[in-house]
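Notes follow once the structure below has been shown.
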Amino acid sequence: MKSRLIQASLKFRRMAMLAGRTSAVFLNKEMAGESVRLLGWVQTRRDHGGVIFVDLRDRSGLVQVVFNPDMADNGFALAEKLRSEYVVEIKGKVRLRPEGSENPNMQTGEIEVIAEELKILNRAKTPPFYIQDNIDVDESVRLKYRYMDLRRPDMLKVMFIRHKVMQLMRNFLDKQGFWEIETPILMKSTPEGARDYLVPSRVNPGCFYALPQSPQIFKQLLMVAGMEKYYQIARCFRDEDLRADRQPEFTQLDLEMSFIEMDDILPLMEDLITMIFKEIKGIDIPKPFPRLSYYEAMERYGSDKPDTRFGMELIDVAEVVRNSGFKVFTDVLAKGGRVKGICAKGCSNMPRREIDALTKFVSIYGAKGLAYIVWGEDGLKSPIIKFFTEEEINNLMATMGAEQGDIVFFVADKENIVHNALGNLRLELAKRLGLINPNAINCLWVTEFPMFEYDEEEKRYVAMHHMFTSPLDEDLGILETEPLKVRAKAYDMVLNGIELGGGSIRIHRRDVQERIFALLGMSIEEAKDKFGFLLEAFDYGTPPHGGLAFGLDRLIMILAGRDNIRDVIAFPKTQSASCLMSQAPSPVKKEQLKELHIKLDIKDKANN
RNA sequence: GGCCCCGUGGUGUAGUGGUUAACAUGCCUGCCUGUCACGCAGGAGAUCGUCGGUUCAAAUCCGAUCGGGGUCGCCA
C-alpha cells in the first residue's frame, strides 16, 4: 500500500515547498547542506543541558532538530522553553547525523536539522494524551479533544485515505460520464424507512423539513430530468440507534444511471471498487464478483451479507429428523419451521461452559436452545442423542459432513430465527476458531432480494429495499397473489461480510408503481400526498433507470483496517448521538423555540 | 426500549469494608553536549462520575442516576 500512498503524498510535499516551507519527511540525505524552513508542532523535547533535541512534527511526519548553545538571538534560551505541541517555525540547515547517532526507526533518521532561528508561533497547554500511535486512552477523551486526536499519525493517515478515495471516486465517475450534482438537505419527510431528523420551518408554522435519509427521490428525479448519469458524495441522516458501523449522519457515494439494467451497473461498480483497492492497498480483487441470490445467501450462510472467507455453511436436516422421536425438532417442522445445523470442525474438546456460552449467544437472536452433538474420541456425546435411532444419528452426522473430532450444532425454530441464530453463530465460531484470514478481501453481490416483508407489528407488507424498487419482470404476474415470493431487481455489494452498498433498478412505469403503493397499503391519495411530485414526474417521460449507494465510511473503515466508523470520521458522534467536543445537541433559548412555534413537552430535564 | 461491560491524580492502571488511596507515565523545578519513550535528583497533582442507602467505618456492599462502549430490537 505504501508506494502509492507515498507517491500521492509527494504531491503535497511539493506544495509545501512552494510555500517556502519544507515538510518533515521530505528531508533526506541528498538535502544535506541545504537551508530549510520548517513549520510544525513540537513532538518531544530532549534537553541535555548543553544541547537540545526537538522532534518536529507536521502532517507529513517527524524530523529531529538540534539546538546548540551558540545559536544567534538567544535562540537556545528560547528552545529551553519549548514544550509538547508548541507551534514553531525553525530555520536551519540539513545535515547528516554524526556517525553512530542515526535512528533507523525514524523515516528521517539519517539526517537532522541544525537550528539557526527559532520562532515560537504559539504555545500549548499540556495535551490530555500522547500525540502518537497506539495510545491507550478512553475513546471519550479522544472524542472530547478530537482536534488533538486527529494530530496522531494514525488518524492523519485515515483522513488522507478518505480524501484519496473521494478523489478516486470523482475521477473515475467523471471519466465514465457521471455528473456531480447536489440535492437538497432540507427536504420533505417521507414515510417508510428510518426515522427522519426533522427541521422546523420558521416561516411555515407547524411545518417541518426532513434531512435526507438518502438522496433517493431526487436522484430519480434527476433521471427524469435527463441527466442520465448522476453521482454525489452525499451526507445522509437517520435517526436510529447507533452501532459500531452506524452513525446518525454518514456519507454515501450515491449514483444513478438511465437506460441501464443490472448487468450494466454491477460490472461498473466492480471496476470502481477494485480500482480503489488497487490504488489504496495495492490489492487485486478478481472480477467479476460472485453473485448469490438472497435465497441462497440465507440458506447457506443465514445472512443477506454473508462472509464467505470461510465455510461452515448451514445445512438443512429437516428430512433426516422429521420422523424422529425428538419432539423439539418434529414440532417445529410440523409448524412449518426449520431445523438446520452447522458443523464446527475439530471442536470436540470444547469445554461444556463454552458450549453453554454459545447457547446463551444464540438466545440473543431468539433461539430457544442450541442442540449439539460432540463426536469425540470415545464416540458421540449429546443430551439429545437418546431421542434418535442409531440410523437416524448416523444419517444426521453424514448429512452434516461431520467426522470424529467435530461438534455439530442445531437450531430449530421459525426460519428467520434459525437463519439469524446460526448465521451469527457461524461468525462467532469463526472468530473464536480463527478461521478468518484477516488479509483476505472477499467481494460478492447478493441479488434477487424479496420485494416485501410482512411487518408483524403494522400487519402489512413493507418494502424491503424501498418502494421504488422494480420487481423482476417474471414476477410481476404474482405481485398481488403471492407478494412475499416477488423478487426485486435489487442488489447489495458485500465485502467480508459487511454490506458495502446497495441499490436497485427502479420502477419507471406509473402503473407498476401504483400497484406497489396499493400493496403497501397506501391509497392513491396518500401516495399523492407523500410522493405526488414523483408520480407526476413519472408521467412526463421517465427513462428506465437504476443506481446504487456505497457506504463511504464503511469502505474507508475496511481500507484503513479499523473496526468502527467513528475512527474514519473526523468528528463523529457517540452512541447517544451527541458530540463530546461541541456538546451537540443542546437546549436552545426560549426565543428560538418561540420563533419556530414550538412548545416542549418533556419532564423536567433542560426545560429552559 | 432490553441485555452485557466500563467509570480511581492530566493519561493508563492497582486497590473488593478500616491504607497517609499505590504504581507507571505525563507535568513543574534543578542538574546534564548526542539523545530519540534521553538520564539523574526533588516536587506538585485525586472531594475514587453523581446522588442516596447499609455500616461505628464505603473507592470497596446495595439502589438510583449520568456518561462511554458492545449488542438485540430498530436501521440498508
Side-chain angles (χ1 to χ4, degrees), chain A residues 43-56 62-70 76 80 83-84 97-106 108-109 112 114 125-132 134-145 148 192-196 213-214 216 236-248 250 252 304-305 360-367 417 420-421 424 428 446 449 453 455-457 462-466 469 490-494 498-504 548-551 554 563-564 566 573-576 578 580 583 605:
Chain A
Q43 175 74 24
T44 48
R45 178 192 56 123
R46 292 178 293 279
D47 185 346
H48 287 246
V51 61
I52 299 171
F53 300 100
V54 165
D55 291 340
L56 183 90
L62 291 173
V63 67
Q64 172 165 286
V65 180
V66 185
F67 294 87
N68 284 313
D70 53 12
F76 190 77
E80 285 180 321
R83 295 293 182 272
S84 290
R97 291 199 188 184
E99 207 170 324
S101 68
E102 300 89 350
N103 184 352
N105 301 319
M106 224 171 149
T108 58
E112 61 193 7
I114 300 294
K125 285 168 66 172
T126 303
F129 47 79
Y130 298 109
I131 308 303
Q132 57 187 232
N134 304 313
I135 51 168
D136 183 16
V137 183
D138 196 87
E139 197 181 351
S140 56
V141 178
R142 290 175 50 206
L143 289 178
K144 182 173 176 193
Y145 300 97
M148 302 293 288
E192 313 261 329
R195 199 175 292 117
D196 281 326
Q213 296 176 25
S214 79
Q216 182 61 39
C236 306
F237 306 85
R238 292 176 191 168
D239 188 4
E240 297 291 348
D241 287 345
L242 275 56
R243 288 287 188 283
D245 62 352
R246 271 167 23 194
Q247 282 273 302
F250 60 99
Q252 285 190 341
D304 62 356
K305 44 180 198 294
K360 200 174 166 194
F361 177 80
V362 295
S363 74
I364 297 172
Y365 304 95
I417 289 179
N420 206 217
N424 282 103
E428 177 68 16
V446 176
F449 280 80
E453 304 171 277
D455 188 321
E456 300 283 354
E457 264 176 44
V462 294
M464 192 160 180
H465 188 64
H466 56 62
T469 304
Y491 34 83
D492 277 1
M493 188 189 285
V494 177
I498 295 171
E499 182 201 325
L500 240 203
S504 62
L548 176 140
F550 283 107
R554 288 183 187 173
D563 59 6
N564 71 73
R566 290 185 300 278
K573 295 192 170 52
T574 67
Q575 199 162 71
S576 53
S578 57
L580 293 180
Q583 298 291 306
K605 200 178 150 193

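To find a chain, count down the sequence lines: A is the first, B the second, and so on, and within it residues start at 1.
- A salt bridge does not link A:Arg246 to A:Glu240: none of the charged side-chain nitrogens sits closer than 4.0 Å to a carboxylate oxygen.
- Within the 4.0 Å cut-off from OP1 or OP2 of B:U33, not a single side-chain nitrogen or oxygen of A:Arg46 is found.
- In summary, A:Asp55 and A:Arg46 engage in a salt bridge, as defined by a charged side-chain N under 4.0 Å from a carboxylate O.
- Between B:U50 and B:A59, the distance separating the two P atoms is 11 Å to the nearest Å.
- Between the CD atom of A:Glu453 and the C1' atom of B:G73 there is a distance of 14 Å, rounded to whole Å.
- At a threshold of 4.0 angstrom between heavy atoms, the contacts of A:Ser101 include nucleobase atoms, whether or not backbone atoms are also involved.
- Within the 4.0 angstrom heavy-atom criterion, base atoms lie near A:Glu112.
- Residue contacts for A:Asp241: at a heavy-atom cut-off of 4.0 Å it reaches a base atom on one of the strands shown.
- Nucleic acid contact class of A:Gln213 (heavy atoms, under 4.0 Å, all strands): sugar-phosphate only.
- Nearest heavy atoms, A:Leu62 versus A:Met106: CB-CE, 3.8 Å.
- At the heavy-atom level, A:Asp136 lies under 4.0 Å from the strands shown only through sugar-phosphate atoms.
- Taking each heavy atom of A:Ser214 and A:Cys236 in turn, the nearest pair found is CA-SG, 3.8 Å.
- A:Leu580 comes within 4.0 angstrom of sugar-phosphate atoms only, judged by non-hydrogen atoms across all strands, and of no base.
- A distance of about 8 Å separates the C1' atoms of B:C32 and B:C40, rounded to the whole Å.
- Among the heavy atoms of the strands, none lies under 4.0 Å from A:Gly366.
- Using a 4.0 Å heavy-atom criterion, one finds that A:Asp304 contacts the bases of the nucleic acid, with or without backbone contacts as well.
- Here A:His48 does not count as stacked on B:C32, because the ring centres are not under 5.5 angstrom apart with planes under 30°.
- Using a 4.0 Å heavy-atom cutoff across all strands shown, A:Arg566 reaches sugar-phosphate atoms only and no base atom.
- Using a 4.0 Å heavy-atom cutoff across all strands shown, A:Asn420 reaches sugar-phosphate atoms only and no base atom.
- A:Asn68 places no side-chain N or O within 3.5 Å of a backbone atom of A:Asp70 that could act as its donor or acceptor partner.
- At least one side-chain heavy atom of A:Phe449 sits less than 4.5 Å from a side-chain heavy atom of A:Asp492.
- A:Arg83 comes within 4.0 angstrom of the backbone, heavy atoms only, and of no base.
- Nucleic acid contact class of A:Pro128 (heavy atoms, under 4.0 Å, all strands): sugar-phosphate only.
- At the heavy-atom level, A:Ser576 lies under 4.0 Å from the strands shown only through sugar-phosphate atoms.
- The residue A:Phe53 sits close to a base: some heavy atom pair falls under 4.0 Å.
- Nucleotide B:U11 holds its P atom 9 Å from the CG atom of A:Asp138, rounded to whole Å.
- For a distance-only test at 3.5 Å, the side chain of A:Arg142 fails to qualify as a donor-acceptor partner of the base of B:U11.
- A:Arg246 contributes a side-chain N or O that forms a donor-acceptor pair with the base of B:C74 under 3.5 Å.
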